[in-house]
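Inspection log for the structure reproduced underneath, given as structure tokens.
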There are 2 protein chains.
Amino acid sequence: MKSIIEILKEHNIAPSMQRVKILEYLRNYKTHPTADMIYQALVDEMPTLSKTTVYNTLKTLTEKGILVALSLFENEERYEYNTDPHIHFKCTKCGKIYDISKTFECFKNEEIEGHKVLEHHINLKGICKSCLENAKG
Amino acid sequence: MKSIIEILKEHNIAPSMQRVKILEYLRNYKTHPTADMIYQALVDEMPTLSKTTVYNTLKTLTEKGILVALSLFENEERYEYNTDPHIHFKCTKCGKIYDISKTFECFKNEEIEGHKVLEHHINLKGICKSCLENAKG
DNA sequence: TCCTAATTTGTAACGATTACAAATTAGGAA
DNA sequence: TTCCTAATTTGTAATCGTTACAAATTAGGA
């Protein structure tokens with residue numbers, strides 16, 4: 001696997017300690033964290049880390065296409081490392097967000113009602129497997 | 001067409017002037033407005049209207065299923081009158097949101113990877129017809 | 001008319017995000 | 001090495017959308 005430093009260099013982003021740690025976190029943990037969650041996870045290891053740096057870094061990495069920003073039903077931005085195309089499922093009971101590796105070619109580079117479609121975001125909502133099993137008791 | 005007052009009564013919501021005007025606005029204008037947009041549109045006609053009332057009303061009507069709250073790519077809630085199933089297209093150039101009356105049965109009451117799907121939100125992003133035509137100029 | 005509950009209102013608070021300017025850091029030139 | 005400059009990081013304050021809350025207003029029934 002490519003190193004985080006390589007990935008940053010390929011996109012002309014200086015691989016500072018903060019940027020490396022933030023991107024590393026997003027590549028390792030597929031939890032779709034918010035900026036604050038990332039900050040909380042890293043501040044122990046980097047006590048001088050600033051929340052502004054987290055926001056700046058997320059913005060930079062998203063602009064370069066390394067990360068994807070998700071608007072998943074709520075008023076806070078979540079981020080994920082941009083890998084294979086997939087969609088999201090959010091459990092209304094436990095709040096967890098799952099990746100679903102099902103793709104939909106139907107929207108790819110298509111024109112719908114005259115509009116040129118460049119991206120599609122599919123968000124599902126319901127009760128997750130784990131909560132369903134707990135309910136059965 | 002059913003009157004706004006009838007709709008409210010059917011859902012056991014007292015048809016106060018404020019609630020009627022807010023729901024009426026959303027039924028008449030399919031612009032997916034934010035709470036603030038609705039407030040701005042109505043405050044001339046109802047000078048004592050409070051933004052809190054707009055938020056309260058939107059919350060009530062959404063809980064009763066009369067309205068649908070949309071999380072469309074951005075950190076602000078937008079609302080629409082709940083009619084036929086449709087999906088949304090947002091133009092990245094002019095910011096306008098279009099309704100696309102295409103339905104996707106593939107998600108209806110389905111189980112995906114063990115999760116029970118109850119709702120699906122499909123958000124498309126790209127350049128709208130009007131902006132495409134302007135670009136050709 | 002009076003009473004009570006529902007509704008509305010305005011203010012203050014909150015949380016996520018951004019603006020901004022100062023402080024720090026890193027890398028190249030002398 | 002030291003100096004210089006630009007990039008990066010930091011902390012504070014501001015902003016924006018939203019919510020909490022309590023007082024004021026309204027509406028409908030006794």
Side-chain angles (χ1 to χ4, degrees), chain A residues 4-5 8-9 11-25 31-64 66-80 95 97, chain B residues 4-5 8-9 11-25 31-64 66-80 95 97:
Chain A
I4 296 292
I5 291 176
L8 290 170
K9 280 184 178 167
H11 289 82
N12 293 316
I13 302 168
S16 72
M17 158 94 137
Q18 287 84 343
R19 288 169 176 165
V20 170
K21 290 288 180 189
I22 289 168
L23 181 51
E24 195 171 58
Y25 183 84
T31 53
H32 316 84
T34 62
D36 189 65
M37 289 172 191
I38 298 169
Y39 172 79
Q40 295 302 336
L42 297 179
V43 73
D44 285 339
E45 192 184 350
M46 309 168 67
T48 70
L49 180 66
S50 162
K51 223 178 252 189
T52 301
T53 299
V54 177
Y55 279 104
N56 288 343
T57 301
L58 292 173
K59 195 181 177 193
T60 305
L61 300 184
T62 301
E63 279 167 2
K64 298 280 185 172
I66 303 176
L67 299 179
V68 174
L70 312 171
S71 289
L72 289 168
F73 316 115
E74 262 144 35
N75 282 340
E76 67 186 357
E77 210 69 46
R78 287 165 176 272
Y79 294 86
E80 68 178 354
I97 296 165
Chain B
I4 297 291
I5 291 175
L8 290 170
K9 281 183 178 167
H11 289 83
N12 292 315
I13 302 169
S16 72
M17 158 94 136
Q18 288 84 343
R19 288 169 176 165
V20 170
K21 289 289 180 188
I22 289 169
L23 181 51
E24 195 169 57
Y25 183 85
T31 54
H32 316 85
T34 62
D36 190 64
M37 290 173 191
I38 298 169
Y39 173 79
Q40 296 301 336
L42 298 178
V43 74
D44 284 340
E45 193 184 350
M46 308 167 69
T48 68
L49 181 65
S50 162
K51 220 177 256 189
T52 301
T53 300
V54 178
Y55 279 105
N56 288 343
T57 301
L58 292 173
K59 195 181 176 192
T60 305
L61 300 183
T62 302
E63 281 167 0
K64 298 280 187 174
I66 302 176
L67 300 180
V68 174
L70 312 171
S71 289
L72 288 168
F73 316 115
E74 262 143 36
N75 283 340
E76 65 185 0
E77 211 68 45
R78 287 166 176 273
Y79 294 86
E80 68 177 356
I97 296 165

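No experiment lies behind these values; they were computed from the predicted model shown. Letters A, B, ... are given to chains in the order of the sequence lines, protein chains preceding strands, and every chain is numbered from 1.
- In this structure, the side chains of B:Thr31 and B:Met37 stay at 4.5 Å or more apart for every pair of heavy atoms.
- Pairing for D:dC16 is with C:dG15, a Watson-Crick or G-U wobble pair whose two hydrogen-bonding atom distances lie under 3.5 Å.
- In this model, the phosphate group of D:dT10 is approached by a side-chain N or O of A:Thr48 to a distance below 4.0 Å at OP1 or OP2.
- Taking atom CD on B:Gln40 and atom P on D:dC16, their separation rounds to 13 Å, with Å as the unit.
- For the pair A:Arg19/A:Leu8, a side-chain contact is recorded, criterion being any heavy-atom separation below 4.5 Å from C-beta on.
- Rounded to whole angstrom, the span from the CD1 atom of B:Ile38 across to the C1' atom of D:dT18 amounts to 14 Å.
- Look at B:Ser50 and you won't find any side-chain N or O under 4.0 angstrom from OP1 or OP2 of C:dT8.
- In this structure the side chain of A:Lys21 reaches within 4.5 angstrom of the side chain of A:Glu24, judged on heavy atoms.
- Remark: side-chain polar atoms of B:Thr62 are paired, donor with acceptor, to backbone N or O of B:Leu58 under 3.5 angstrom.
- Nucleotide C:dT7 holds its P atom 19 Å from the NZ atom of B:Lys21, rounded to whole Å.
- Side-chain contact between A:Leu61 and A:Lys64 is absent, with no heavy atoms from C-beta onward closer than 4.5 Å.
- Across every strand in view, D:dT8 sits in a pair with C:dA23 that passes the Watson-Crick or G-U test at under 3.5 angstrom.
- The shortest distance between the side-chain N/O atoms of A:Gln18 and the OP1/OP2 oxygens of C:dT25 is not below 4.0 Å.
- Of the candidate nucleotides D:dC21, D:dT10, C:dT7, D:dT10 has the atom nearest to the side chain of A:Thr52.
- Nucleic acid contact for B:Asn56: base, since at least one base atom lies under 4.0 Å from a heavy atom of the residue.
- The side chain of B:Thr53 places an N or O atom within less than 4.0 Å of a non-bridging phosphate oxygen (OP1 or OP2) of C:dT9.
- Regarding contacts with the backbone of D:dT19, every side-chain N or O of B:Tyr55 stays at 4.0 angstrom or more from both OP1 and OP2.
- To the nearest angstrom, C1' of D:dT9 lies 14 Å from CG of A:Leu58.
- When Watson-Crick and G-U wobble pairs are counted only if both distances are under 3.5 Å, D:dG29 pairs with C:dC2.
- To the nearest angstrom, C1' of D:dG11 lies 12 Å from CG of A:Leu49.
- If you take CG of B:Asn12 and P of C:dA6, they are 13 Å apart, rounded to a whole angstrom.
- If you take NZ of B:Lys51 and C1' of C:dA12, they are 15 Å apart, rounded to a whole angstrom.
- Regarding B:Tyr39, its OH atom lies at a distance of 10 Å from the C1' atom of C:dG10, rounded to whole Å.
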